[in-house]
Amino acid sequence: MKTLLFKYGEVLYRAGLSLAVFFVAVFTGGETKKLVPFVVALLLLLCVGLFTQKNVKLLTLPFLQLTLLLIFCYDSFSVFIDYIWLAPIVVVALGFYLWRTKPRFVRGPSLWPLIAVSVATLLGGVGMIPAADYFRPASIIFMMGLGPGLVLSYLIMKNEYRDVAVREGFARDLLWWGLTGAAITMAFIAPKFLAVRVLLFEDTVQWSNNISTMLMIAMPAALMQKKRHVGHYLLAAVMFGAVVMVGSRGGVVFIGIELIACCFFAWRQETNRILRFCNCFYFVMALAVAGYLSWFMLSNAEALALVRPGEARILLLRRGFEDFLKNPLFGSGFGYRGNVDLYNGTQGTIGWYHLFVAQVVGGLGVCGVLAWGYQLYVRFCLAWRARRDRECGFAFCYLGLFLMSMVNPGEFCPVPYAFLAVCFFALLECHLEDKGDALRHDFYTPWRGFFKRKQQKADSA
C-alpha cells in the first residue's frame, strides 16, 4: 500500500509541477519581469530539495522546468543580476547535499575524454587573444562551466545514477519536461496558426531554437518508458508536431532525422504487435513529413532554407576556419570578441560561432578537435554497447542535442545542455556496469563482437 501511494504520489508531483510551469509561462506571456518571481521560487524549491533529499530523483524535474522558464528570459542579465544574493544559498545547499550524501567518486570511460575537453577549453585562445578578453567574467564562467564544471558534474552524477530507480525517474522527468514544453509551444503558436491556417515555417518566437532543442532531447524519452503503450507514441508525435509548428529551421529538419532513428530503435525493443504497427505508422509518418519538408524547401527556398543569402551562420563558419589558421593549436577561445561584426550576443554571453564545427575548429584548434573527437568516439562506443537495451534511448536524447548543436550553441551552453549530455552518458555507464559489461577492456572496440562471431563461424566450419 505504501509503495502504491508513493508511486502515485510521484505522478501527482510531476503532473502538478508541470501544470504549474505551464500556467506560469502562458499567463505571464513569457515576459521576463513577470516570470522572475516564479523562477526565484523554483530555484528556492531546488535548494530546499538539496537540503532534504537523499538523491536527485525528485530534484531533476524542478531543475529541468527551471531551465524551461529561463528560455523566455532573453537578454535579461540586468534583471537577474539583482538576484545575485541567491548564489551563496545555492552553493551552500549544494555543498550540504554533497556533505550529507558523501558521494563515492567512481571513474568511468567518459572521465578522460571530459578531462581532455576541459584542458582544450581552458587552453582555447592562448597565444591569440589578449589576457583581458581571456579573463573576462563571461568567458571565465563559460570556460569553468564547460571544463572543470563538467568533470565535477560527471563524478557526482555517476554516483547518483548507481540507483536504478533514479535512472528510471530521470527518463520520466524528461518525458514530463518535453510535454510541458510542447504544451507551452502549442499555447503560444496555436493562435498564430489559426489566424493564417498554414504552418509557419519561420522563427515565430525568439525562443524557437531553445524549445526545439529541449523537445528533441525529450522526444526519445517517450519511446523508452519501462511500460510503453500506444499513448507514448502519441506523446512523441505531440513533441514532433510542436517542433514543426514553432518553426525553428534546424529543429524542423533535424527532428525528422531523429524521429526516423528513434523508430528504428523502438522497433528493436517492441514485442507487442500493436506497438510494432504504431512504430511502422510513425516511421511512414516521419518519411512523409521529411518528404513534404524537402519539397517545401525546394519550392520555397526563402521560407525554409537552412542557409539564407548573407546569413551570419555561413559567415561565422568561414570565420571559424580563418581563426583556426591564425592559431591552429588552441584556436580563438571563449573570450574571443572578433565575431561582434557578425554576431553580437546579449550581455553576459560569449561570442558564439553558432555552429558546432566552427566552435570546435575555430574556437579550440587542433587541441579541441582531438579532444572532442575522442569524446564523441567514446560516447558512440557507449551507445553501441547499449544498443539492444531500453536505456540506449538516452543516446538518442543526446543525438537530438548534437544535431541542434550543428546550427546553434547547443552543447556549448553549460546549463542545461552540456550538463544533460554528461548525465546521459554517466547513466549509460552505470547501466552497462549493472549488466556486467567489460567497459574497461574492450568498450573502445564496439565491433569486437562482430569479428569474434566471424572467427567462431570460421573455426566451426
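Residues take their numbers from the sequence shown, with the count starting at 1. Keep in mind that what you see is a predicted model, and the values were worked out from it rather than measured.
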Quick one: ring pair (Phe, Tyr, Trp, His ring centres under 6.0 Å) partners of Trp372, sequence neighbours excluded?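 With neighbours one apart ignored, the set is Phe356, Phe412.
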
Kindly indicate whether the side chain of [X], heavy atoms from C-beta on, has any atom under 4.5 Å from the side chain of [Y].
X: Phe63; Y: Val415; answer: yes
X: Leu17; Y: Leu42; answer: yes
X: Val92; Y: Phe51; answer: yes
X: Ile217; Y: Trp177; answer: yes

Set of salt bridge (charged side-chain N to carboxylate O under 4.0 Å, His left out) partners for Arg136, sequence neighbours left out: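 With sequence neighbours excluded, Arg136 shows a salt bridge (charged side-chain N to carboxylate O under 4.0 Å, His left out) to no residue whatsoever.
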
Using the side-chain contact (heavy atoms from CB on, under 4.5 Å) rule, take Phe425 and Val378 through it: C-alpha gap first, then chi angles, then the decisive distance, then the call. CA-CA 10 Å; Phe425 291 98; Val378 170; over 6 Å; no

Given Asp389 and Lys435, is the salt bridge (charged side-chain N to carboxylate O under 4.0 Å, His left out) satisfied, shown in steps? CA-CA 10 Å; Asp389 304 326; Lys435 283 180 60 180; 2.9 Å; yes

Rounded at 0.5 Å granularity, tell me how far [atom1] in [X] sits from [atom2] in [Y].
X: Leu123; Y: Met143; atom1: CG; atom2: CE; value: 10.0 Å
X: Leu420; Y: Cys413; atom1: CG; atom2: SG; value: 11.5 Å
X: Phe402; Y: Thr213; atom1: CZ; atom2: OG1; value: 13.5 Å
X: Phe424; Y: Leu174; atom1: CZ; atom2: CG; value: 5.0 Å
X: Met239; Y: Met219; atom1: CE; atom2: CE; value: 7.5 Å
X: Lys158; Y: Cys423; atom1: NZ; atom2: SG; value: 13.0 Å

Among residues two or more places apart or on two chains, list those pairs meeting ring-ring contact (aromatic ring centres under 6.0 Å, His included) that have a residue in residues 125-147.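 Applying ring-ring contact (aromatic ring centres under 6.0 Å, His included) to every pair that reaches into residues 125-147, excluding sequence neighbours, yields Phe142-Trp352.
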
Would you confirm whether [X], through its side chain, and [Y], through its main-chain N or O, come within 3.5 Å as a donor-acceptor pair?
X: Asn327; Y: Val126; result: yes
X: Ser332; Y: Gly362; result: yes
X: Tyr154; Y: Gly108; result: yes
X: Ser118; Y: Leu114; result: no
X: Arg162; Y: Asn159; result: yes

More than 12 heavy atoms of other residues, nucleotides or ligands under 6.0 Å from CZ of Phe38: is that the case?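 Incorrect, the count does not exceed 12.
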
Any side-chain donor-acceptor pair under 3.5 Å between Asp133 and Tyr336?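 The criterion, which ignores hydrogens and geometry beyond distance, is not satisfied for Tyr336 and Asp133.
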
Give every residue pair that meets the side-chain hydrogen bond (donor to acceptor under 3.5 Å, both in side chains) criterion with at least one member in residues 406-424, sequence neighbours excluded.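 Of all non-adjacent pairs touching residues 406-424, those that pass side-chain hydrogen bond (donor to acceptor under 3.5 Å, both in side chains) are Asn209-Asn408, Asn210-Tyr417, Arg313-Asn408, Arg379-Glu411, Tyr398-Glu411.
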
Pair listing, side-chain hydrogen bond (donor to acceptor under 3.5 Å, both in side chains) test, anchored in residues 252-262, at least two apart: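 Qualifying pairs, neighbours excluded: none.
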
salt_bridge(Asp163, Lys54) N-O dist < 4.0 Å: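 Looking at Asp163 and Lys54, the cut-off is not met.
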
List the steps and the verdict of side-chain contact (heavy atoms from CB on, under 4.5 Å) for Ile184 and Ile211. CA-CA 9 Å; Ile184 291 172; Ile211 197 68; 5.7 Å; no

Within the 6.0 Å centroid threshold, strictly below: Phe188 and Phe72: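 Under 6.0 Å, so yes.
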
Would Arg167 and Glu160 count as a salt bridge (charged side-chain N to carboxylate O under 4.0 Å, His left out) if you check the C-alpha gap in whole Å, the side-chain angles of each, and the deciding distance to 0.1 Å? CA-CA 9 Å; Arg167 301 202 294 265; Glu160 293 288 342; over 6 Å; no

Salt bridge (Lys or Arg N to Asp or Glu O under 4.0 Å): pairs with one or both residues in residues 80-104, sequence neighbours excluded: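 Counting only pairs at least two positions apart or across chains, no salt bridge (Lys or Arg N to Asp or Glu O under 4.0 Å) contact touches residues 80-104.
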
Between Leu382, Val106, Asp434, which is the residue that forms a side-chain contact (heavy atoms from CB on, under 4.5 Å) with Glu429?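 That would be Leu382; it is the only one of Leu382, Val106, Asp434 passing the side-chain contact (heavy atoms from CB on, under 4.5 Å) with Glu429.
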
Please work out which of the three classes, parallel, tilted or perpendicular, describes the rings of Phe170 and Tyr161, given edges at 30° and 60°.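 Because their plane-to-plane angle lies in the 30° to 60° range, the rings of Tyr161 and Phe170 count as tilted.
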
Begin from the C-alpha positions of Leu68 and Met214 and carry the test side-chain contact (heavy atoms from CB on, under 4.5 Å) through to its verdict. CA-CA 8 Å; Leu68 182 56; Met214 291 178 174; 3.7 Å; yes

